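Only one structure is covered here, and it is reproduced in the block below.
None of these values were measured; they are calculated from a predicted model. Proteins get letters first, then strands, A, B, ... in listed order; numbering begins at 1 in each. Heavy atoms only: backbone and side chains are in, while hydrogens, waters and symmetry mates are out.
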Amino acid sequence: MPGPAPDERMRPKGRRNTQGIRVDPEAEVTHEPRQAVLSALVKHRPGVLSEVSALFSRRQFNIESLTVGPTVDEDTARMTILIEEPEPGIDQAKKQLRKLVPVISVRELEGEAVRRELALVKVSGEKPDDVNAVADMYDGQAVDASTDSVTVEITGSKQKIDAAIEAFKQFDVQEIVRTGAAALERGPKTLEKDV
Amino acid sequence: MSERASVPKEEDETEPETEPEPVTTGAQSVIRALENAGTDYVFGVQGGAIMPVYDALYDSDINHVTMAHEQGASHAADAYGIVTGDPGVCFATSGPGATNLVTGIADANMDSDPVIALTGQVPTEFVGNDAFQETDTVGITQPITKESYFAADSDTVGDNVSEAFALADAGRQGPTLVDLPKDVTQGETEVEPGAPETPETYEVPEEADDENVQEAAEALAEADRPVILSGGGVIKANASSALREFAKEYEIPVITTMPGIGSFPEDHELSLEWAGMHGTGYANMAITNTDCMLAIGTRFDDRLTGGVDSFAPDAEVIHVDIDPAEISKNVYADYPLIGDARNVLRQLFDAMPRAPDADEWRDQCQAWKSEYPMDYDTPDDEPLKPQYVVERFSDVTPDDTIVCTGVGQHQMWASQFWEYTEPRTWVSSHGLGTMGYGVPAAIGAKLAAPDQEVVCFDGDGSFLMTVQGLSVAVREQLDITYVVLNNEAVGMVRQWQDGFYEGRRMASEYPWIPQFDKLAEAFGARGFTLESYENVEETIQEARDYDGPSVIDAHIDPGENVFPMVPSGGDNGLFALNEDHLEML
Ligand SMILES: Cc1ncc(C[n+]2csc(CCOP(=O)(O)OP(=O)(O)O)c2C)c(N)n1
């Protein structure tokens with residue numbers, strides 16, 4: 001005696017979205033991607049960077065930028081990771097990062113955190129005075145000059161650097177290098193003291 | 001059982017325990033770390049870069065089982081870990097030895113099984129030079145372990161192994177690896193390894209927050225249609241008895257996941273057996289219609305959930321897990337309870353204000369059991385049905401019999417038609433779905449539980465992938481019954497081709513497979529053939545009676561398919577009971 005066929009079976013009215021969240025059919029929640037700044041304190045040892053970056057690629061999280069460098073404690077390094085993901089993805093990224101053995105602590109920095117990026121822009125050396133004038137507008141300074149080229153250093157927010165690079169385009173940009181963001185929380189909070 | 005063959009040992013093995021000799025090399029420190037952690041067995045294969053470690057093993061009481069292939073070493077260690085609950089250990093040399101372990105490590109990682117892999121590596125000065133038998137083992141295995149260590153120093157290599165051991169076992173279990181350069185293991189050291197301890201950055205939550213537990217308990221008590229979904233984590237946390245007490249006290253129907261098989265007795269009235277792609281119709285009906293699910297130690301794998309949009313769509317989910325990253329990963333948890341399953345079940349037990357008022361729901365679940373029974377046709381003139389073989393075997397064996405499998409249709413029949421009542425009696429490859437798991441897994445399981453009966457249901461395709469392991473079972477005289485449910489095909493693939501690829505059976509039929517009974521005899525095992533219903537019981541009995549490995553080549557109906565079935569990504573409530581239903585979906 002086989003039971004009822006598929007379409008004749010008891011079933012409830014509910015539904016979930018693709019993120020596994022129960023939805024009210026009237027007001028479905030969808031999470032739009034947003035940018036998150038994750039700051040992680042990690043053991044300073046070989047392989048950590050590959051472990052962290054492999055985690056992001058394996059889980060298909062899109063990294064906007066990732067910077068890493070030593071801290072005052074020579075055994076630890078600090079990473080600043082910018083990702084753009086819907087809320088559940090950001091939450092997963094934090095939890096997955098915390099799972100890695102060399103990761104000491106992870107925090108998402110709040111919107112008003114201090115965020116800086118550095119760019120070096122090499123442009124044609126034909127109009128050095130004009131280049132200097134544009135650099136001044138963006139608080140930048142020339143760090144190298146030759147007859148053929150001028151290299152300017154700019155630090156600041158991503159937007160400021162984007163704008164500066166746009167402005168330098170008039171001088172025939174020859175080469176650019178950007179670091180990606182480094183960030184710290186404002187106020188007395190630190191990753192070591194308050195996690 | 002362990003081989004130290006030709007050269008007789010100077011001391012008598014039975015002499016009273018004496019203080020161990022101090023270590024003098026990195027390799028001895030490695031072995032000492034394993035001894036300190038209580039290792040009884042190591043599964044492995046020799047080789048150049050791992051030789052110093054094997055040489056140190058010569059003087060140890062740890063038993064070494066030489067495997068016929070490193071993949072088998074990692075699966076045997078995996079099964080050993082599942083059955084005992086303690087990490088299983090495998091050894092391989094560098095390069096091809098290490099890469100052969102990879103499948104078993106990935107398998108252990110997907111199923112959260114505790115495994116420690118120790119691999120030889122070329123001497124440090126050659127690392128990175130593409131030296132003979134060099135591979136970047138840490139790089140290859142990092143994404144599939146809890147942590148892979150590169151041992152850089154003879155003085156600390158023992159601590160690396162101790163830590164790897166502790167880490168494999170701590171919190172959510174899983175595999176760890178230590179890569180051992182030859183100069184590091186050969187190098188002199190007097191440093192004894194420390195006790196097994198996890199790294200200080202690794203924190204394991206023990207108990208869930210009391211307030212959260214209270215809220216979850218109240219939600220569950222309020223439910224009209226409650227279910228418990230018990231995953232593999234319940235078994236790993238040794239929480240099966242706590243689960244039984246909880247479910248019986250509050251009379252809540254229990255569904256298991258496939259890795260959770262054995263966490264709740266399938267012969268109990270409250271059991272709906274397991275849910276998912278090939279789970280029972282009644283489990284899938286209950287999972288679809290529940291309004292409150294207490295999910296414990298499950299990662300909501302897609303073979304369980306089908307499409308998440310239709311998974312338990314009305315249910316508030318209480319999710320108990322020791323790994324915070326599992327919470328709301330696939331299915332949103334309304335009540336996350338992070339902690340050890342056994343502790344959290346005790347907390348919940350105490351926090352429940354009352355049992356849910358669910359008489360009607362329980363009756364409904366029983367009604368589904370009779371509407372959608374696990375069934376198959378057995379007209380006598382048909383070729384032998386695989387389900388019949390599994391059922392007859394289950395009938396005659398003790399409750400604590402351990403069942404191992406390969407991957408495919410036979411695995412599903414072995415999970416559907418065997419009645420599981422005890423934890424750690426179902427040993428299978430779930431997350432990775434590794435064909436070839438069965439032969440070596442049965443070896444690991446038998447050594448882990450020599451007093452329990454071990455049977456392995458395998459497919460002809462899966463069996464062929466690791467059949468060389470039979471030589472190990474014969475050498476170790478392991479009393480294992482292998483049953484090859486032989487359909488001369490990679491049947492699960494053929495089933496999908498028939499269902500979803502218009503019957504275009506590309507590369508799925510194997511009419512050239514060997515005679516498995518003769519193959520068994522060639523290895524020195526006993527071989528049997530089963531072709532009809534007549535001698536099923538008798539053959540099973542003879543194979544069980546034989547004191548050593550035996551292989552029953554059961555020629556089953558090649559047309560038999562696995563049902564119920566939820567098509568991939570489908571809706572659990574719309575499982576098909578036969579081909580016609582599949583066409584309706
Ligand atoms: C190592 C590996 N290769 C390929 C597959 C894909 N696969 C899944 S099930 C299956 C068929 C298994 O055939 P068999 O072992 O004969 O078992 P049956 O389905 O016939 O019972 C295959 C090929 C797999 N799971 N593992």
Side-chain angles (χ1 to χ4, degrees), chain A residues 1-25 28-29 31 40-43 45-59 75-76 87-106 195, chain B residues 138-139 142-143 146-148 150 152 163 167 172 176 198-203 225 281-282 285 288-291 300 305 307-317 323-334 364 368 370-373 375 571 573-578 580-581 584-585:
Chain A
M1 180 203 36
D7 55 353
E8 293 156 14
R9 293 179 196 149
M10 170 175 164
R11 51 181 311 106
K13 291 198 185 55
R15 199 161 60 82
R16 288 178 194 276
N17 66 16
T18 51
Q19 288 151 347
I21 304 173
R22 253 177 325 129
V23 290
D24 167 358
E28 178 161 354
V29 268
H31 295 284
L41 216 52
V42 302
K43 294 263 179 203
R45 63 170 206 219
V48 193
L49 179 59
S50 84
E51 216 171 320
V52 169
S53 58
L55 168 86
F56 282 88
S57 72
R58 183 164 93 242
R59 301 210 174 245
D75 293 332
T76 62
E87 202 60 50
I90 292 171
D91 199 41
Q92 259 302 302
K94 286 190 262 186
K95 288 172 175 172
Q96 293 292 344
L97 264 176
R98 273 192 202 111
K99 256 173 87 161
L100 297 180
V101 170
V103 172
I104 300 162
S105 59
V106 178
V195 285
Chain B
V138 169
Q142 210 157 50
K146 285 176 88 170
E147 181 69 349
S148 290
F150 181 82
E163 185 173 303
L167 188 61
R172 177 178 181 172
T176 56
T198 57
E200 85 261 3
T201 52
Y202 188 80
E203 284 164 25
R225 291 167 278 144
Y282 30 101
M285 285 304 285
T288 301
N289 288 287
T290 175
D291 66 349
F300 293 109
T305 60
V308 282
D309 55 333
S310 54
F311 178 75
D314 254 9
E316 287 204 286
V317 174
D323 180 356
E326 284 309 327
I327 303 293
S328 299
K329 186 183 78 180
N330 295 337
V331 170
Y332 180 78
D334 301 273
Q364 177 63 68
W368 282 326
S370 44
E371 273 179 48
Y372 305 105
D375 223 351
D571 178 332
L574 304 183
F575 53 87
L577 291 166
N578 50 45
D580 295 343
H581 280 175
M584 295 166 69
L585 295 175

**Asked** Counting heavy-atom pairs under 4.5 Å to chain B, which of A:Arg58, A:Glu51, A:Gln96, A:Lys43 comes out on top?
**Response** A:Glu51
**Prompt:** Should the pair A:Arg9 and B:Phe575 be classed as cation-pi, given the thresholds of under 6.0 Å to the six-membered ring centre and 45° from the axis?
**Reply:** yes
**Prompt:** Of the listed residues (B:Trp368, B:Phe300, B:Tyr332), which shares the most heavy-atom pairs with chain A below a 4.5 Å separation?
**Reply:** B:Tyr332
**Request:** Examine whether an atom of B:Ala152 lies under 4.5 Å from a heavy atom of chain A, and if so say whether it belongs to the side chain, the backbone or both; otherwise answer neither.
**Result:** neither
**Message:** Quick check on A:Ala5 against chain B: is it the side chain, the backbone, both or neither that has a heavy atom closer than 4.5 Å?
**Reply:** both
**Complete:** Bottom line for B:Asp571: the part with an atom under 4.5 Å from chain A's heavy atoms is side chain
**Item:** B:Ile327 versus chain A, the contacting section by heavy-atom distance below 4.5 Å
**Value:** both
**Request:** Tell me, with the steps shown, if A:Met10 and B:Gln364 meet side chain to side chain contact (heavy atoms under 4.5 Å, CB included).
**Result:** CA-CA 10 Å; A:Met10 170 175 164; B:Gln364 177 63 68; 4.0 Å; yes
**Complete:** Between the CG atom in A:Leu100 and the CD atom in B:Gln142, the distance rounded to the nearest 0.5 Å is 8.5 Å
**Reported NZ-to-CG distance for the pair B:Lys329 and A:Asp91, which is rounded to 0.5 angstrom** = 13.0 Å
**Request:** Could you tell me which non-hydrogen atom of B:Leu577 sits nearest to which non-hydrogen atom of A:Gly3, and how far apart they are?
**Result:** CD1-N, 4.2 Å
**Non-hydrogen atoms of A:Gly14 and B:Asp314 that approach each other most closely** = N-OD1, 3.1 Å
**Request:** Rounded to the nearest 0.5 Å, what's the gap from CG on B:Asp334 to CD1 on A:Ile21? Could you check?
**Result:** 10.0 Å
**Asked** Is the backbone of A:Ile104 close enough, under 3.5 Å, to the side chain of B:Thr201 for a donor and an acceptor to pair up by distance?
**Response** no
**Asked** Ion pair present between B:Glu316 and A:Arg16, side-chain N to carboxylate O less than 4.0 angstrom?
**Response** no
**Message:** Is B:Val138 in contact with chain A via its backbone, its side chain, both, or neither, using a 4.5 Å heavy-atom distance?
**Reply:** neither
**Asked** Which bit of B:Pro143 comes within less than 4.5 Å of chain A, counting heavy atoms only: side chain, backbone, both or neither?
**Response** both
**Which portion of B:Asn330 sits near chain A, non-hydrogen atoms under 4.5 angstrom** = backbone
**Message:** Could you measure the distance from the OG atom of B:Ser328 to the NZ atom of A:Lys95? Nearest 0.5 Å is fine.
**Reply:** 5.5 Å
**Message:** Tell me whether A:Lys99 is salt-bridged to B:Asp323, with the criterion being a basic N under 4.0 Å from an acidic carboxylate O.
**Reply:** yes
**Asked** So which of B:Gly139, B:Ala333, B:Ala312 has the biggest tally of heavy-atom pairs under 4.5 Å with chain A?
**Response** B:Ala312
**Nearest-0.5 Å distance that lies between atom CG in A:Asp7 and atom CG in B:Leu585** = 8.5 Å
**Message:** Which one wins on heavy-atom pair count under 4.5 Å against chain A: B:Asp309, B:Val331, B:Val308?
**Reply:** B:Asp309
**Asked** A:Arg22 side chain to B:Ala315 main-chain N or O, any donor-acceptor pair under 3.5 Å?
**Response** yes
**Message:** Looking only at heavy atoms and a cut-off of under 4.5 Å, which of A:Gly20, A:Ser50, A:Gly89 has the most pairs with chain B?
**Reply:** A:Gly20
**Prompt:** Of the backbone (N, CA, C, O) and the side chain (C-beta and beyond), which part of A:Pro4 lies under 4.5 Å from a heavy atom of chain B, both, or neither?
**Reply:** both
**Prompt:** Backbone N or O of B:Ala325 within a donor-acceptor pair of the A:Gln92 side chain at under 3.5 Å?
**Reply:** yes
